[in-house]
Amino acid sequence: MNSHLIIGIIFLVAGLFQSVTAFLLFRGQQHYTMRFLGKKGSAVFYLLLACLMYFLAWFNLAHR
């Protein structure tokens, strides 16, 4: 297996988990980031992290 393929899959799974975390935060699940950013701020923060993970996954999977 190519290292770009493995790294791309890892980033894809990480983006999926970040998306689930953002959804749970938006639905009201308690998290430590809510102390600093609030409910919507935490959800936006994790959505931005998810977008970054999806971009890195796309970059690694497209350039293998």
Side-chain angles (χ1 to χ4, degrees):
M1 289 180 90
N2 193 355
S3 64
H4 286 285
L5 179 65
I6 295 170
I7 293 171
I9 291 171
I10 289 171
F11 279 129
L12 191 64
V13 171
L16 179 68
F17 282 126
Q18 296 298 330
S19 298
V20 170
T21 302
F23 175 74
L24 289 174
L25 285 173
F26 190 73
R27 296 282 295 175
Q29 184 75 22
Q30 292 296 317
H31 198 266
Y32 69 93
T33 57
M34 292 180 78
R35 286 183 284 175
F36 308 113
L37 300 173
K39 179 180 173 181
K40 290 185 181 180
S42 296
V44 169
F45 176 71
Y46 277 100
L47 279 176
L48 290 174
L49 281 177
C51 289
L52 176 68
M53 295 295 169
Y54 288 137
F55 172 75
L56 290 172
W58 171 78
F59 184 77
N60 281 301
L61 290 174
H63 295 97
R64 53 183 187 123

- Query: For Ser42, what residues pass the side-chain hydrogen bond (donor to acceptor under 3.5 Å, both in side chains) criterion, not counting sequence neighbours?
  - Reply: Thr33
- Message: So which atom in Ala14 and which in Met53 form the shortest heavy-atom distance, rounded to 0.1 Å?
- Response: CB-SD, 4.0 Å
- The remaining residues in the hydrophobic cluster of Leu48, counting side-chain heavy-atom contacts under 4.5 Å among Ile, Leu, Val, Met, Phe, Trp and Tyr, are Val44
- Does one hydrophobic cluster hold both Leu52 and Ile7, with members joined at side-chain heavy-atom distances below 4.5 Å? yes
- Hydrophobic cluster identity match, Leu12 and Leu5, side-chain contacts under 4.5 Å: no
- Shared hydrophobic cluster, Leu49 / Val20 (ILVMFWY, side-chain heavy atoms < 4.5 Å): no
- Note on the structure: Closest heavy-atom pair, Ala57 versus Gly8, reported as atoms and distance to 0.1 Å, is CB-O, 3.4 Å
- Message: So which atom in Ala43 and which in Ala22 form the shortest heavy-atom distance, rounded to 0.1 Å?
- Response: O-CB, 3.7 Å
- Item | Verify same cluster id: Phe26, Tyr46 (apolar side-chain graph, 4.5 Å) | no
- Applying ring pair (Phe, Tyr, Trp, His ring centres under 6.0 Å), name anything that partners Phe55, two or more places apart in sequence or on another chain. Trp58
- Same apolar cluster: Leu47 and Tyr54, side chain cutoff 4.5 Å: no
- Can you tell me how far the CG atom of Leu25 sits from the NZ atom of Lys40, to the nearest 0.5 Å? 13.5 Å
